[in-house]
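Accompanying notes for the structure given below.
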Amino acid sequence: EKGRGKKTKTEANGENGDEDNDEYRWWLEQNRDDSIKWTSLEHHGVLFPPEYEPHGVRMKYNGREIDLEPEAEEVASFFAALLHMDHAKNPVFQENFFRDFQEVLARCKKPTPIKEFAKCDFTPIHEYFERERERKKNLPKEERLALKAEKLAAEEKYSYCMLDGRREKVGNFRVEPPALFRGRGAHPKTGCLKKRVMPEQVTINIGKDATVPPPPAGHQWGGVIHDNTVTWLATWKENINGSVKYVFLAANSSLKGQSDFKKFEKARELKKHIHKIRADYTKDLKDRMMQVRQRATAMYLIDRFALRAGNEKGDDEADTVGCCTLRCEHITLVPPNRVVFDFLGKDSIRYYREVDVDVSVWKNMKIFKKEPKGPNDPLFDRLTTASLNKHLSSLMAGLTAKVFRTFNASLTFQQELGKTPSLATAAEKVLAYNRANREVAVLCNHQRSVPKQHENQMGRMQDKIKAIKYQRWHAKRELIQLTPRIKKTHPTLVEPESDLDDDWCREHETDLVRKEREKAETKITRENEKRLAAKEKPLSKQEESDIRDKADVLAARFKEERKSGKAEMRRNATVEKLEEAISKLTERIIAAKTQMIDRDENKTTSLGTSKINYLDPRITSAWCRKHGVPLEKMFNATLRDKFRWAMDVDGEWEF
DNA sequence: ACATAGACTTGGAAGAATGTTG
DNA sequence: CAACATTCTTCCAAGTCTATGT
């Protein structure tokens, strides 16, 4: 307890610009007991979504407009709102939605003709929403800002709480609004109606001495408790899966920070035991007891391939698996030691991998798959996450399956970063960092769908590089013209550009002129419109041709260059100046190229998840320090705020 | 031992905010 | 400065693991 609440000055930190410079640096304290999460807690409860406001736009049924009572209109609108998404085309989603929709319709006073989903047409409502969105977007700036400020002011009090006398940010203070449940993958309940949460369903957790926030007028809280062994401020039960929802503090809070810190320290602890643990499971791979062999095999997979533990799931959830729930069908064995994994993991993300494994692991898997087991039977029939974790905790205090993911992710990251060349340019260092990050994301199978713009983007980046190369080629030609012998003395300096053929250059030149002309024309049109509005005379022919002059000059220049075969010299050109220009352009080309490679390698990989959850931020902090890379390049403001506790380490710090 | 509830971390995607460019 | 692209933030679903009850 000592040192609690002690305030220390932080260095003035520009971007946080918050009034409180007295920051609570909990990470300077050691060995706190964390079964008690707080001694005093004040907060303002939760923010409920606004009541439903009918818009009166009618859906169609069988081609006819239908009047819906507000309750039914709301549910119809939930579906209409996501008409453009894949959900709307998913038959399970449609079916679940329609059943719940009909239930709501049945409660309405007026009988409804709506009997078949196929005859429903929600597009009028969908289009109404689109118009509304457009309207809001086009609101005058002041009005838009005023609305935003108003919303912010209404939320202000909910967004902070007082925890042990310190002001801390609350995370999700909003009660989830009613909606259609968007279960992922083949979730049997996707599309079901998630009902509006009433205050009577919400339990508030708050300090004994704190003022209990008043429930909305005419309502009561479901309960008010004072449990300081948990971190949540409010909770309710959701009606689809019966799971519990919580309001927690934000990621930058001391409570979240402390558990994050603990998580990484535990992973570092594993570093000291991993040698023995690996020896242990390697030996157990050949144990006489099948149960022990299964456990050892699972540990091998979790350690080597970063599989998740894999708890049992119910029939009312999507069929996804982790290590302990793998079925025979998910694994193909190719002699002598190749294994092909193909299954749906968390969030129904496909895990596909062909790997070579230890021969005894391969042989074990062959045994586990043997008859009479069929494709649908579990690979590890003698293993559960509970028994696995029980064994793990006997090897190291607090060790569970997920620690391996954190451990391997952070260690891999550190090792990869260790390969950063110390003489690299800033861009190359950033690339090295992102590569290391990506390595981890691949290990953990963090995927995303290829961005729609990806192909386009690659083409544009390639063009950009060529355009710079064109400029460089021009500068090189000038240099040659200025000092012809440079071709002999510094041949590499004036090499022709690799992927710049004459056809492309001609096209590029036409393009540059065309763009310049377009620019001039828009300028002329604009100016004339402006003058017309001000009841002035339009631009004279002379004025117009003055505006077009730049494009004409450019066109003439290209023509002349083509004719003479010589590059037009820039003004006051000297050897030094040209060399300087060339090296600047070279730098730009390298930067653009690295960026392009980086992006392409990234198209299906999502780096964020590992950065936020798996990579010990102290590794990044130390690397930035060591290589003179500003932290802001690797961590955005949110991340820097979340990881304040990790920012003090020196360049030699090791995970 | 086993099942279920509860509490907390991890995860991709949508939407908002911001930056870039023609 | 509008249109478009990129990055950040929010959202809430889906995991892991512990505690509790039988």
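Each chain gets a letter, A, B and so on, in the order the sequences are listed, and its residues count up from 1.
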**OP:** Could you walk me through whether A/Asp381 and A/Gln294 pass side-chain hydrogen bond (donor to acceptor under 3.5 Å, both in side chains), step by step?
**Re:** CA-CA 8 Å; A/Asp381 50 299; A/Gln294 291 199 353; 2.9 Å; yes

Original post:
Please give, in whole Å, the distance from B/dA7 P to A/Leu249 CG?
Top reply: 15 Å

**OP:** Give the rounded distance in Å between these two atoms: CZ of A/Phe264 and C1' of B/dT10.
**Re:** 12 Å

Subject >> Pairwise 5' ranking along DNA chain B for A/Asp227 and A/Met85, keeping only the more 5' one >> reply: A/Asp227

**OP:** For A/Lys256 and for A/Val244, locate the closest nucleotide of DNA chain B by heavy-atom distance; then report the residue assigned to the nucleotide nearer the 5' terminus.
**Re:** A/Val244

Subject >> Option among A/Lys266, A/Lys642, A/Arg618 that satisfies the salt bridge (Lys or Arg N to Asp or Glu O under 4.0 Å) test with A/Asp260 >> reply: A/Lys642

Subject >> cation_pi(A/Lys256, A/Phe248) dist<6.0 Å, angle<=45 >> reply: yes

Original post:
Could you state the CG-P distance from A/Leu607 to B/dT10, rounded to the nearest angstrom?
Top reply: 17 Å

**OP:** Could you state the atom-to-atom distance from OH of A/Tyr351 to P of B/dG11 in whole Å?
**Re:** 13 Å

**OP:** Kindly compute the distance separating CD (A/Gln201) from CH2 (A/Trp236), expressed to the nearest 0.5 Å.
**Re:** 10.0 Å

Original post:
Rounding to a whole Å, what distance do you find between A/Arg382:CZ and B/dC2:P?
Top reply: 13 Å

**OP:** Just call it for A/Lys237: base, sugar-phosphate, or nothing, with non-hydrogen atoms closer than 4.0 Å on any strand.
**Re:** sugar-phosphate

Original post:
Should A/Ser449 be listed as having a side-chain N or O under 4.0 Å from OP1 or OP2 of B/dG12?
Top reply: no

Original post:
Does OP1 or OP2 of B/dG11 have a side-chain N or O of A/Arg405 closer than 4.0 Å?
Top reply: yes

**OP:** Measure the distance from CD on A/Glu130 to P on B/dG15 and round it to the nearest whole Å.
**Re:** 12 Å

**OP:** Tell me what A/Ser243 touches on the nucleic acid: a base, only sugar-phosphate, or nothing, going by heavy atoms under 4.0 Å.
**Re:** nothing

**OP:** Summarise how protein sits on nucleotides 12-22 of chain C as a single string, 5' to 3': B when a protein heavy atom is under 4.0 Å from the base, S for sugar-phosphate-only contact, - for no contact.
**Re:** SBBSBBS----

Original post:
Taking it one step at a time, do A/Phe341 and A/Tyr352 satisfy ring-ring contact (aromatic ring centres under 6.0 Å, His included)?
Top reply: CA-CA 5 Å; A/Phe341 293 93; A/Tyr352 182 90; 9.5 Å; no

Original post:
Are any of A/Tyr614's side-chain N or O atoms less than 4.0 Å away from OP1 or OP2 of B/dG11?
Top reply: yes

**OP:** List in chain and number order the residues that pass side chain to side chain contact (heavy atoms under 4.5 Å, CB included) with A/Pro188, two or more places apart in sequence or in another chain; answer none if no residue qualifies.
**Re:** none

Original post:
Touch check for A/Ile612, heavy atoms < 4.0 angstrom, all strands: base, sugar-phosphate only, or nothing?
Top reply: nothing

**OP:** Show the numbers, then the answer: is there a ring-ring contact (aromatic ring centres under 6.0 Å, His included) between A/Tyr614 and A/His446?
**Re:** CA-CA 11 Å; A/Tyr614 288 103; A/His446 292 143; 5.5 Å; yes

Original post:
Given B/dA16, is OP1 or OP2 found less than 4.0 Å from the side-chain N or O atoms of A/Lys148?
Top reply: no

Subject >> A/Lys137 NZ - B/dG15 P separation (whole Å) >> reply: 14 Å

**OP:** Whole angstrom is fine here: how far is it from CH2 in A/Trp236 over to P in B/dA7?
**Re:** 14 Å

